[in-house]
Amino acid sequence: MNRIMDADELQEMLEANGELMVAVAEFDQPLELHLHDAEIDDESVRLELTDGVLTFDVDEVSGAWQHTHSLADLGLE
């Protein structure tokens, strides 16, 4: 079951890991946040993309997890 994340929790996870995957209610795929392209305040998340800016409410985030890569992800297993 998904739960609502709060802004402080998201910011803490982002700072601890440098990048973060988030599940957002209005998007079918998870979004990847990085320290250099995401700003989290009490009410919203602002994500700078190469061709624009995406903003969504913090209360729309239903989950977050550390984004990792494996050798298999890179075809090097």
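One is the number of the first residue; the rest follow in order along the sequence.
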Legend entry - Flag side-chain contact, heavy atom, 4.5 Å: Glu48 against Glu39: yes
Legend entry - Under 3.5 Å: donor-acceptor pair, side chain of Asp57, backbone of Asp59: no
Inset, instruction - Kindly indicate whether the side chain of Asp42, heavy atoms from C-beta on, has any atom under 4.5 Å from the side chain of Val58. - result: no
Legend entry - Minimum-distance pair of heavy atoms, taken over all atoms of Ala64 and Leu10: CB-CD2, 3.7 Å
Legend entry - Transitive ILVMFWY side-chain link Leu47 to Trp65, under 4.5 Å: no
Legend entry - Path from Leu35 to Val53 over hydrophobic side-chain contacts below 4.5 Å: no
Going by atom type alone, with no hydrogens or angles, which donor-acceptor pairs under 3.5 Å involve a side-chain atom of residues 12-26 and a protein atom two or more places apart or on another chain?
unit_1 : atom_1 : unit_2 : atom_2 : d
Glu15  : OE2    : Gln11  : NE2    : 2.8
Asn17  : ND2    : Met13  : O      : 3.1
Glu19  : OE1    : His34  : NE2    : 3.2

Inset, instruction - Determine, step by step, whether Leu31 and Val45 satisfy the side-chain contact (heavy atoms from CB on, under 4.5 Å) criterion, reporting the C-alpha distance in whole Å, the side-chain angles of both residues, the deciding distance to 0.1 Å, and the verdict. - result: CA-CA 11 Å; Leu31 300 175; Val45 177; over 6 Å; no
Inset, instruction - Specify the closest pair of heavy atoms between Leu33 and Ala38, including all atoms of both residues, with the distance to one decimal. - result: CB-CB, 3.9 Å
